[in-house]
Number of protein chains: 2
Amino acid sequence: MTTSSSPARRATIVDVARAAQVSRQTVSNVVNSPERVAPSTLERVQTEIRRLGFQPSRAARNLKQERAGAWGLELSPLGFGRLGAILDTFLVELTARAAVDGSHVVPFTATDPEAPTDSYERLVASRVVDGFVLTDTRRGDPRPAWLDAHDIPYAAFGRLWDDPSITAWVDVDGASGIEAAVHHLAAQGYERIGYLGWPEGSPVGDDRRSGWVRATTELGLANPEWQAVSPQALEPASWAAAGLIDALGRGGALVCASDGLALGAWRVLAERGLTPGADLGLVCFDDTDIAQALDLSSLHQPLAQVADRVLHVLGTRSASRDPAGGLLLPPELVVRSSSNPAGDRTTPKEK
Amino acid sequence: MTTSSSPARRATIVDVARAAQVSRQTVSNVVNSPERVAPSTLERVQTEIRRLGFQPSRAARNLKQERAGAWGLELSPLGFGRLGAILDTFLVELTARAAVDGSHVVPFTATDPEAPTDSYERLVASRVVDGFVLTDTRRGDPRPAWLDAHDIPYAAFGRLWDDPSITAWVDVDGASGIEAAVHHLAAQGYERIGYLGWPEGSPVGDDRRSGWVRATTELGLANPEWQAVSPQALEPASWAAAGLIDALGRGGALVCASDGLALGAWRVLAERGLTPGADLGLVCFDDTDIAQALDLSSLHQPLAQVADRVLHVLGTRSASRDPAGGLLLPPELVVRSSSNPAGDRTTPKEK
DNA sequence: TTGTAAGCGTTATCAT
DNA sequence: ATGATAACGCTTACAA
């Protein structure tokens with residue numbers, strides 16, 4: 001900002017037109033349909049565009065085209081800043097992908113918890129966004145129906161559990177991911193494979209658990225006693241994990257519904273002087289920084305792909321009930337030392 | 001989206017004008033300078049505004065006012081999705097505060113690491129943002145100088161280390177925070193207070209360490225041997241912490257430059273059957289979900305305040321060299337069981 | 001291939 | 001207190 005009091009004036013389409021000795025329409029064509037411009041003119045104009053650093057004003061373009069070129073994303077306290085949150089990574093991916101076709105992501109926070117759609121209403125009414133990316137979808141979520149009723153485009157990261165006919169979503173296949181984890185652990189030689197999940201009732205949690213049930217049944221390893229539940233907090237997770245670890249014993253393995261729960265299990269192992277992998281197999285979900293830091297095998301959500309497909313759904317202005325919609329992507333199992341029975345990870349010992 | 005193929009047409013200022021039998025200028029006045037409108041007209045127009053759900057189009061307003069009403073925020077891989085990252089929380093706070101005066105935050109990612117200012121250039125050139133919020137400032141950061149040279153408003157979360165005359169920043173006072181932590185530990189009765197920090201050379205790390213040096217000197221507890229360094233990764237942090245814990249012994253305490261480093265120390269304690277707090281005091285920095293999960297005392301960064309002040313700096317279109325600028329906010333020490341010598345936290349024991 | 005005209009929705013200025 | 005006019009910068013349709 002140095003000394004001048006107002007920001008530098010930026011070149012407009014007229015400046016370029018004047019400099020290149022053409023009409024402003026021609027400049028517009030150079031930018032938007034270069035193939036309709038004679039090569040010589042094209043180059044002359046492009047040179048001036050570069051020289052002047054011209055970029056079309058988004059405001060003017062938006063006004064004319066009656067679209068914002070932006071998608072709203074609610075930053076819910078549920079999804080951000082919590083243990084094992086992955087939404088920050090999703091935001092990064094979404095932002096990067098949106099930029100490819102010149103769109104933007106506009107984050108916003110809910111203002112009134114009583115009226116969850118108010119912020120959505122304001123943003124479309126003022127044409128700041130063309131539509132929304134939903135996250136943290138839940139049963140009884142009022143947003144999809146409201147958006148549908150108001151004819152507002154949207155796509156969700158997470159299944160829309162209420163209405164199977166709405167297919168404007170992309171999600172990660174938790175069940176098949178957990179299944180893969182169980183098979184991986186079995187292949188590594190772990191014989192008793194338990195599951196630490198969230199209390200029944202959450203769609204995501206129930207889905208993940210079903211993968212464990214399916215895989216252990218398939219392998220003839222099913223045992224309902226090797227299951228425990230805990231909310232997403234360290235203390236209860238530790239207690240639940242402790243019980244499971246007792247039941248499974250050395251040589252057993254534990255699949256956790258989240259990295260946060262796995263932290264509880266890891267803590268118990270650490271306190272008992274047990275090494276993840278060597279003494280007890282451990283695989284978790286989400287592959288957050290925690291899993292990476294603790295070197296835990298984890299199911300990595302393909303967030304870049306999710307972002308890509310979410311934007312695709314938004315881009316194709318087909319109905320939210322497109323029967324081809326509803327995409328389930330498999331997570332990728334990242335194998336680390338915690339599921340390696342020959343675990344060779346060393347830890348500092350007392351002097 | 002149901003069946004119709006285009007989104008619903010939103011009411012414009014003309015619709016309201018027609019419905020309320022006034023000119024569109026009067027509607028504009030009702031919205032922007034209600035005091036200049038006769039009470040009866042005011043009410044009539046406001047009723048129509050509500051009835052039609054009218055909101056001024058941002059694109060039109062932006063075009064007319066030649067400002068975007070938005071601030072750009074680069075999502076750097078450095079700041080997001082890493083262990084102990086707090087930028088996601090900062091983004092939430094920034095977004096919420098910006099909304100108060102109708103502004104938005106537009107996140108973006110760098111496209112070319114070789115040309116770090118390219119994305120900035122594009123965003124201002126197309127008038128998507130009026131300026132920027134900088135994070136992850138570092139020595140030799142090319143952005144402040146570039147923004148200054150191009151007369152683009154900005155404010156940084158984090159000191160601008162290169163040029164003390166640039167004061168468009170807000171930061172958290174790491175040194176005084178650590179100092180407070182040391183005093184707190186001393187007051188709790190811990191006698192030997194060590195420090196686990198990052199290798200010398202990072203301005204943030206050096207700043208934090210200086211707080212430890214200052215406080216321990218002041219208290220007559222200085223001992224250069226009670227210091228160790230490690231990069232922000234679990235394995236090296238554990239090794240460094242192990243050495244320190246040996247040197248400090250029971251009844252000592254450890255201040256860590258970050259929650260990530262503290263995780264390493266916590267792990268060592270766990271493996272040795274020691275309880276944070278009761279056996280060894282532990283205080284860390286950032287108060288991320290990890291500190292909360294492990295019940296570690298931690299220095300909480302006042303991100304809401306930082307966001308508030310950053311927007312204030314951007315709002316007042318004073319120069320970036322305003323001598324009144326450069327605000328250092330104290331972090332708040334959140335005391336948990338890890339700095340309580342009478343530590344009463346129970347952990348699940350083996351059956 | 002290039003240029004002309006109109007309009008997107010708003011607000012600042014000036015007149016009534 | 002209210003309204004007419006012009007302008008912000010761009011694109012779409014149409015005319016040359």
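Predicted model, so just to flag it, every value in this text is computed and none were measured. Chain letters run A, B, ... following the sequence lines, proteins first and then strands; every chain starts at 1.
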(request) Looking only at side-chain atoms of A/T41, point me to the closest of D/dT2, C/dG3, C/dT1. (result) C/dT1
(request) Mind checking B/R24 for me? I need base, sugar-phosphate or nothing, with any heavy atom below 4.0 Å counting as a touch. (result) base
(message) Please find the pair of heavy atoms, one from A/R138 and one from A/P142, that lie closest to each other, and give the distance.
(response) NH2-CD, 4.1 Å
(request) Measure from NZ on A/K64 to P on D/dT12 and round the result to the nearest Å. (result) 7 Å
(message) Tell me the interatomic distance from A/R18, atom CZ, to C/dG3, atom P, rounded to whole angstroms.
(response) 15 Å
(request) With DNA chain D as reference, determine whether B/S40 or A/V14 sits nearer its 5' end, using the nearest nucleotide of each. (result) B/S40
(message) Around atom CD of A/E43, are there more than 12 heavy atoms from other residues, nucleotides or ligands closer than 6.0 Å?
(response) no
(message) Salt bridge or not between A/R10 and B/E121? Use side-chain N to carboxylate O under 4.0 Å.
(response) yes
(request) Find which nucleotide of DNA chain D each of B/N29 and A/P56 is nearest to by heavy atoms, and output the residue with the more 5' nucleotide. (result) B/N29
(message) Output the rounded distance in Å from CD (A/Q25) to P (C/dG7).
(response) 16 Å
(request) Under 4.0 Å between any heavy atoms, over every strand shown, what does B/N62 touch: base, sugar-phosphate, or nothing? Just pick one. (result) nothing
(request) May I ask you to evaluate whether B/S57 reaches the phosphate of C/dG9, defined as a side-chain N or O under 4.0 Å from OP1 or OP2? (result) no
(message) Could you report the tightest heavy-atom contact between B/L91 and A/L75, atom names first, then the distance?
(response) CG-CD1, 4.0 Å
(request) Check whether any side-chain nitrogen or oxygen of B/R36 sits under 4.0 Å from OP1 or OP2 of D/dT2, and answer yes or no. (result) no
(request) Compare the minimum distances between each of C/dT10, C/dG9, D/dA1 and the side chain of A/L63, then state the nucleotide with the smallest one. (result) C/dG9
(request) Indicate whether OP1 or OP2 belonging to D/dT12 is found under 4.0 Å from a side-chain N or O atom of A/Q65. (result) yes
(request) Find the distance A/N32:CG to D/dA13:C1' and express it as a whole number of Å. (result) 14 Å
(request) Mind listing the closest non-hydrogen atom pair of B/A98 and B/L311 along with its distance? (result) N-CD1, 3.5 Å
(message) Classify A/E35 by what it touches in the nucleic acid, base, sugar-phosphate, or nothing, heavy-atom distance under 4.0 Å.
(response) nothing
(request) Measure the distance from CZ on A/R44 to P on C/dT1 and round it to the nearest whole Å. (result) 15 Å
(message) With a 4.0 Å limit, can you tell me whether B/T12 has a side-chain N or O closer than that to the phosphate oxygens OP1/OP2 of C/dC8?
(response) no
(message) Can you see if the side chain of A/T26 gets near the phosphate of C/dG3 - specifically, an N or O under 4.0 Å from OP1 or OP2?
(response) yes
(request) Starting from P on D/dC10, measure out to CD on A/Q55 and report it in whole angstrom. (result) 10 Å
(message) Tell me the interatomic distance from B/I13, atom CD1, to C/dA12, atom P, rounded to whole angstroms.
(response) 11 Å
(message) Regarding B/E66, tell me which of base, sugar-phosphate or nothing describes its non-hydrogen contacts under 4.0 Å with the strands shown.
(response) sugar-phosphate
(message) What is the distance, to the nearest angstrom, from the CG atom on A/L52 to the P atom on D/dG9?
(response) 14 Å
(message) Tell me the closest heavy-atom pair linking A/V106 and A/A70, and the distance in Å.
(response) CG2-CB, 3.9 Å
